[in-house]
Amino acid sequence: MGNCSYDALIVGGGPAGATAALGLAQCGWRVCLLHRAQPRASVHARTGETLPSASRATLRALGLWSTFLQDGHVPSPGTVAWWDAENPIEQDSVFDPWGPAWHIDRWRFDHRLREAAAVAGAEVLDGLRLVDAQRLTAARASGAACWSASLRDETRTVPVRARVLIVATGRGRHPVACGGRRGRLDRLIGLAALVPAGEPLASVDQRIWIEATPEGWWYSAPTPGGPWTITFFTDADRVPREKGRDGISRYWREQFLGSQQTKQRIAHLTSFAPMLGTVTMPGALRVFAADSYRSAACHGPGWMAAGDAVSAWDPLSGQGIENALQSGSRVARAVHAILQGGDAGAICRDYADEVEARDGQYRRDRSAYYGRVQRWPDAVFWRRRTRQDQ
Ligand SMILES: Cc1cc2nc3c(=O)[nH]c(=O)nc-3n(C[C@H](O)[C@H](O)[C@H](O)COP(=O)(O)OP(=O)(O)OC[C@H]3O[C@@H](n4cnc5c(N)ncnc54)[C@H](O)[C@@H]3O)c2cc1C
């Protein structure tokens, strides 16, 4: 590490943090991007995520579209959903002006964003984590107010100072006490299995399949590199916990066997079919928090937040990554204006109004999507969403 004094310290190197770092570094500010390094395997196996087609414009604006095209992400020709009726609703990317959505290699995608930030001049710190951040008043800082933060890895503690703190910790712990309390809309979780593909990708349907069932909904899609992701989304309290991970696996399998379309789709994957008769899962079953929430604040004295650190959306929306990219760019513009001496209060209020409007729209959309499913009026999962949201 060189000089430990920055204009902006950004905590979290996902899409929101990396995009904020890129934007600010391009404006010439001294930026430190703190990234808690994760092994490729753990991120790659996150769940299998899809980037919406409209992100093409966002990546173009960031100067990353041509790199994206070379990185082996798999185009998705469309979506087929068994949602509010037994007949499928099909959406073909041929009719989308932006072209296909993309099944992305999430590790590579995030890595490219951080790489671009580093090329633009940001200092990207892998492996150090933020352990403490205190805002010093102008008097205590012997100059302008700033943040005094401690970064740590196994061997050392590194003190840094920064004029502005950007919180982009995703669903992780919020480093600023008043920003973290969350208003949760639900307790959605994703139970994700990665299943080795038995057929070459080119010979199978590569669309996203979504299937509603009385207990929740299934998402299945190929991922770059071969395996398929088969994820069941339900509420945390619907999963029997008493038998630990075996109980979760058994629940996943019961739900899988009770599905109509998802089971049909996956059954032909030769390496998976024999395992259906046992409780043994194909590789580890991963459990992800996927609840929709809104943090208590998106800014405060000397700090702003971006991406999932502000609000997290249901994976059904397929908009989380795009939202994080846009939110990171938006915060970069706001912080740039503040660092130039703009009226921080007014800039932050504008940002908060935009967050409010975007989140309000998300909540209305979420309500409308879930509200369409009236097939199981007595099922707890759907009753919660239709009653609570109406
Ligand atoms: C099961 C599931 C499926 C999803 N599917 C999709 C999908 O198909 N399409 C889509 O668009 N979105 C999807 N999403 C949403 C998407 O993953 C998120 O919206 C997106 O990753 C948010 O980006 P972010 O940068 O805000 O946070 P993240 O991507 O979570 O990045 C935050 C980073 O900060 C790091 N961090 C946290 N705390 C610290 C700390 N103290 N110090 C240093 N680093 C720290 C974390 O390790 C992480 O790398 C899904 C989410 C879930 C849970």
Side-chain angles (χ1 to χ4, degrees), residues 9-22 32-39 42-43 45-55 58 73 76 79 101-104 106-107 109-111 113-114 117 124-133 149-153 165-176 180 186 188-194 208 210 216-221 223 229-234 286-293 295 298 305-331 362:
L9 171 63
I10 302 174
V11 189
T19 309
L22 173 62
C32 175
L33 175 62
L34 198 56
H35 167 56
R36 191 162 57 193
Q38 289 170 301
S42 71
V43 180
R46 268 173 79 119
T47 66
E49 290 177 65
T50 306
L51 192 69
S53 59
S55 294
T58 309
H73 306 293
S76 167
T79 303
W102 297 84
H103 305 300
I104 59 169
R106 196 48 213 276
W107 185 89
F109 182 79
D110 288 11
H111 176 75
L113 290 168
R114 289 190 295 272
V124 181
L125 300 182
D126 268 340
L128 282 158
R129 67 199 160 83
L130 181 76
V131 285
D132 184 43
S150 294
L151 316 182
R152 192 178 292 162
D153 63 13
L165 181 70
I166 297 178
V167 179
T169 46
R171 290 174 178 270
R173 198 174 68 81
H174 201 295
V176 184
D186 55 53
L188 194 72
I189 55 170
L191 309 177
L194 278 180
I208 297 165
I210 289 171
W217 53 276
W218 285 95
Y219 168 96
S220 61
T223 66
T229 178
I230 317 170
T231 303
F232 187 59
F233 289 95
T234 189
R286 287 161 185 268
V287 182
F288 296 93
D291 51 311
S292 294
Y293 61 77
S295 292
C298 63
D308 277 11
V310 175
S311 60
W313 295 356
D314 195 307
L316 185 64
S317 74
Q319 296 292 322
I321 300 169
E322 171 64 15
N323 181 47
L325 294 172
Q326 294 213 10
S327 167
S329 293
R330 177 66 184 87
V331 163
Y362 160 69

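Counting convention: from 1, in listed order, for ligands and their atoms alike. Not measured: the values here are computed from a predicted model.
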Applying ring pair (Phe, Tyr, Trp, His ring centres under 6.0 Å), name anything that partners Trp218, two or more places apart in sequence or on another chain.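 Trp218 satisfies ring pair (Phe, Tyr, Trp, His ring centres under 6.0 Å) with Phe232, Trp252, Phe256 once adjacent residues are dropped.
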Heavy-atom distance to atom 26 (O) of ligand 1: which of Thr50, Val167, Leu33, Asp308 wins?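 Residue with the shortest heavy-atom distance to the ligand atom: Asp308.
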Which is closest to atom 4 (C) of ligand 1 by heavy-atom distance: Pro315, Ala324, Gly170, Pro15?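 Residue with the shortest heavy-atom distance to the ligand atom: Pro315.
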Numbered atoms and elements of ligand 1 in range of [X], under 4.0 angstrom, heavy atoms:
X      : answer
Gly307 : 26 (O)
Gly14  : 25 (O), 31 (O), 33 (C)
Ala16  : 25 (O), 26 (O)
Phe233 : 1 (C)
Gln319 : 11 (O)

Could you state the interatomic distance from [atom1] ([X]) to [atom2] ([Y]), rounded to the nearest 0.5 Å?
X      : Y      : atom1 : atom2 : result
Arg286 : Leu191 : CZ    : CG    : 13.0 Å
Tyr293 : Asp186 : OH    : CG    : 11.5 Å
Ile208 : His103 : CD1   : NE2   : 5.5 Å

What about His35: any of its N or O atoms under 3.5 Å from an N or O on ligand 1?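 Min N/O separation from ligand 1 is not below 3.5 Å for His35.
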Below 3.5 Å, N or O to N or O, backbone or side chain included: is there any such pair between Ala309 and ligand 1?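 In fact, backbone or side chain, Ala309 has no N or O that close.
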So Ser53 and Glu322, do their side chains get closer than 4.5 Å, heavy atoms only?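 Side-chain contact under 4.5 Å: no.
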Do the side chains of Leu151 and Val131 get nearer than 4.5 Å, heavy atoms only?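 Val131 does not reach Leu151 side chain to side chain.
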Sub-4.0 Å heavy-atom approach of [X] to ligand 1:
X      : result
Ala168 : yes
Leu51  : no
Ala289 : yes
Arg106 : yes
Trp313 : no

Parallel, tilted or perpendicular: which describes the rings of Trp313 and Tyr362, with under 30° parallel and over 60° perpendicular?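 The rings of Trp313 and Tyr362 lie parallel, inter-plane angle below 30°.
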Do you know which two heavy atoms are closest between Ala309 and Ser295, and how far apart they sit?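 Scanning both residues, the minimum pair turns out to be O-OG, 2.8 Å.
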If every non-hydrogen atom of Leu22 is compared with every non-hydrogen atom of Ala117, which pair is closest and at what distance?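 Looking at all heavy atoms of both residues, the shortest contact is N-CB, 3.8 Å.
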